[in-house]
Number of protein chains: 2
Amino acid sequence: MSTSNDDALAILRDKGLKATTQRIAILEALMSERAHPTAEEIHDALATEHPTISRSTVYETLSRFSEEGILDPLQTGDGVTRFEFHNHPHVNVVCIECQQIADVDSDHITPFLEHVRDETPWQVLDQQVKLRGLCHACKATKQP
Amino acid sequence: MSTSNDDALAILRDKGLKATTQRIAILEALMSERAHPTAEEIHDALATEHPTISRSTVYETLSRFSEEGILDPLQTGDGVTRFEFHNHPHVNVVCIECQQIADVDSDHITPFLEHVRDETPWQVLDQQVKLRGLCHACKATKQP
DNA sequence: GTCTCTGCAAAGTATTTGCACGTGC
DNA sequence: GCACGTGCAAATACTTTGCAGAGAC
């Protein structure tokens, strides 16, 4: 039993979700990934270890996890939903050329979000800061 | 000729886009709307005045306008893309119950975004801050 | 006159649904 | 044992494409 397996198990238990093989596999995959995979990519990535896992299970599991706040869904504008493991507040930067996504940590995020939460009369549950631009490689390609 | 018509015309000219009846209609609709309509909603809204406008024209025009920075596309998580006229930086708050969207202005946004731009090595072209939560009405319904 | 835009229908793609079976607790 | 989760296939919904004709400049 790996550590990440135990971690995944603990998270599921904590949320009162049944710890099935598939859910643990999906959660482990997302915890170890630094990428921001799509439902399809996760499905394909699990195909080797779990050849029988179905698309609907992956979709169902990902949306369940998102509801529970275990994952953050992220829409980058290319029509597919990407997922990342829910971390401390951070900024996602999306490259408009290669669709790559990176995370930026900033000390300014938390105080900023607190300000905004004070300024809206709504009850805020979740937040997302997204930048669009050009990554190193694509910037270089565009300006030779 | 209404003022908003002239405004729309000026924007199209400025971007070097041909000023067709359909484009002016779509742009006017989005400039006067305080809402954040979907492509379908825009198509339906224009049906009375322009019964022959087609879905593909609306989609094509909206994505063209987004490319040019005239509009901001906004994905709220319900699977459809919404559009708003490109304003000064602001925060979008999305109600997870009724899918309503509101805008929040905050003096803290611009300085915050400047900080983040300094903290990433990427070339930032555009930014979006999105909060998810409960609007007044839905909050009241949830906590009677 | 030229080139871009429009409209139609048809295709493509991500995601959801219904339902029978299987599995964790 | 019972509820919840899974897998399959088919359906749905949003968006895109190809192409002929029309309209802006």
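Protein chains get the first letters and strands the later ones, always in sequence-line order, with residue 1 at the start of each.
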Original post:
With a 4.0 Å cut-off on heavy atoms, is Ser63(A) in touch with a base, just the backbone sugar-phosphate, or nothing at all?
Top reply: nothing
Original post:
So what does Thr52(B) hit on the nucleic acid, given a heavy-atom distance under 4.0 Å: a base, only sugar-phosphate, or nothing?
Top reply: sugar-phosphate
Original post:
How many Å lie between CG on Asp78(B) and C1' on dT16(C), as a whole number?
Top reply: 14 Å
**OP:** Please state how far atom NE2 in His50(A) lies from atom P in dC8(D), giving the value in whole angstrom units.
**Re:** 15 Å
**OP:** Show your working on side-chain contact (heavy atoms from CB on, under 4.5 Å) between Glu84(A) and Asn92(A) and close with a plain yes or no.
**Re:** CA-CA 10 Å; Glu84(A) 65 179 344; Asn92(A) 294 117; 3.4 Å; yes
Subject >> Given DNA chain D, 5'-ward residue of the pair Thr20(B) and Glu40(B), judged by closest heavy atom >> reply: Glu40(B)
Subject >> Shortest side-chain distance from Ser56(B), nucleotide among dT17(D), dT15(C), dT6(C) >> reply: dT17(D)
Original post:
Considering all heavy atoms of both residues, which atom of Val104(B) and which atom of His90(B) are nearest to each other, and what is their separation?
Top reply: O-CB, 3.5 Å
Original post:
Any ion pair linking Arg64(A) and Glu68(A) (charged N to carboxylate O, less than 4.0 Å)?
Top reply: yes
Subject >> Given dT4(C), dT15(C), dT15(D), the nucleotide with the shortest approach to the side chain of Lys18(B) >> reply: dT4(C)
Original post:
Hey, does Thr61(A) reach any base, or is it just sugar-phosphate, or nothing, if we go heavy atoms under 4.0 Å?
Top reply: sugar-phosphate
Original post:
So, is Arg23(B) near the phosphate of dT6(C), with a side-chain N or O under 4.0 Å from OP1 or OP2?
Top reply: yes
**OP:** Whole angstrom is fine here: how far is it from CD1 in Ile26(B) over to P in dG7(C)?
**Re:** 9 Å
**OP:** Round to a whole Å and report the spacing from CZ of Arg64(A) to P of dC4(D).
**Re:** 9 Å
Original post:
So, Glu97(A) and Lys139(A), do they make that salt bridge, N to O below 4.0 Å?
Top reply: no
Original post:
When the distance from CG of Asp44(B) to C1' of dC14(D) is rounded to whole Å, what number comes out?
Top reply: 13 Å
Original post:
Does OP1 or OP2 of dA14(C) have a side-chain N or O of Thr81(A) closer than 4.0 Å?
Top reply: no
Original post:
Of Gly16(B) and Pro51(B), whose nearest nucleotide on DNA chain C comes first from the 5' end?
Top reply: Gly16(B)
**OP:** Could you tell me the separation between the CD1 atom of Ile53(A) and the P atom of dC8(D), rounded to a whole number of Å?
**Re:** 11 Å
**OP:** May I ask you to evaluate whether Tyr59(A) reaches the phosphate of dT16(C), defined as a side-chain N or O under 4.0 Å from OP1 or OP2?
**Re:** no
**OP:** Check whether any side-chain N or O of Arg55(B) sits under 4.0 Å from OP1 or OP2 of dC14(D), and answer yes or no.
**Re:** no
**OP:** Measure the distance from CD on Glu41(A) to P on dA14(C) and round it to the nearest whole Å.
**Re:** 10 Å
**OP:** Could you say whether Gln75(B) or Ala19(B) is positioned toward the 5' end of DNA chain D, judged by the nucleotide with the nearest heavy atom to each?
**Re:** Gln75(B)
**OP:** Give a yes or no on this: more than 12 heavy atoms of other residues, nucleotides or ligands lie within 6.0 Å of atom CD of Glu40(B).
**Re:** yes
Original post:
Where do Glu119(B) and Ser106(A) come nearest, in terms of heavy atoms and distance?
Top reply: OE1-OG, 2.6 Å
Subject >> Phosphate OP1/OP2 of dG7(D): any Gln22(A) side-chain N/O under 4.0 Å >> reply: yes
Original post:
Once you round it to whole Å, what is the distance between C1' of dT6(C) and CG of Leu62(B)?
Top reply: 14 Å
Original post:
Has Thr57(A) got a side-chain N or O lying under 4.0 Å from the OP1 or OP2 atom of dG5(D)?
Top reply: no
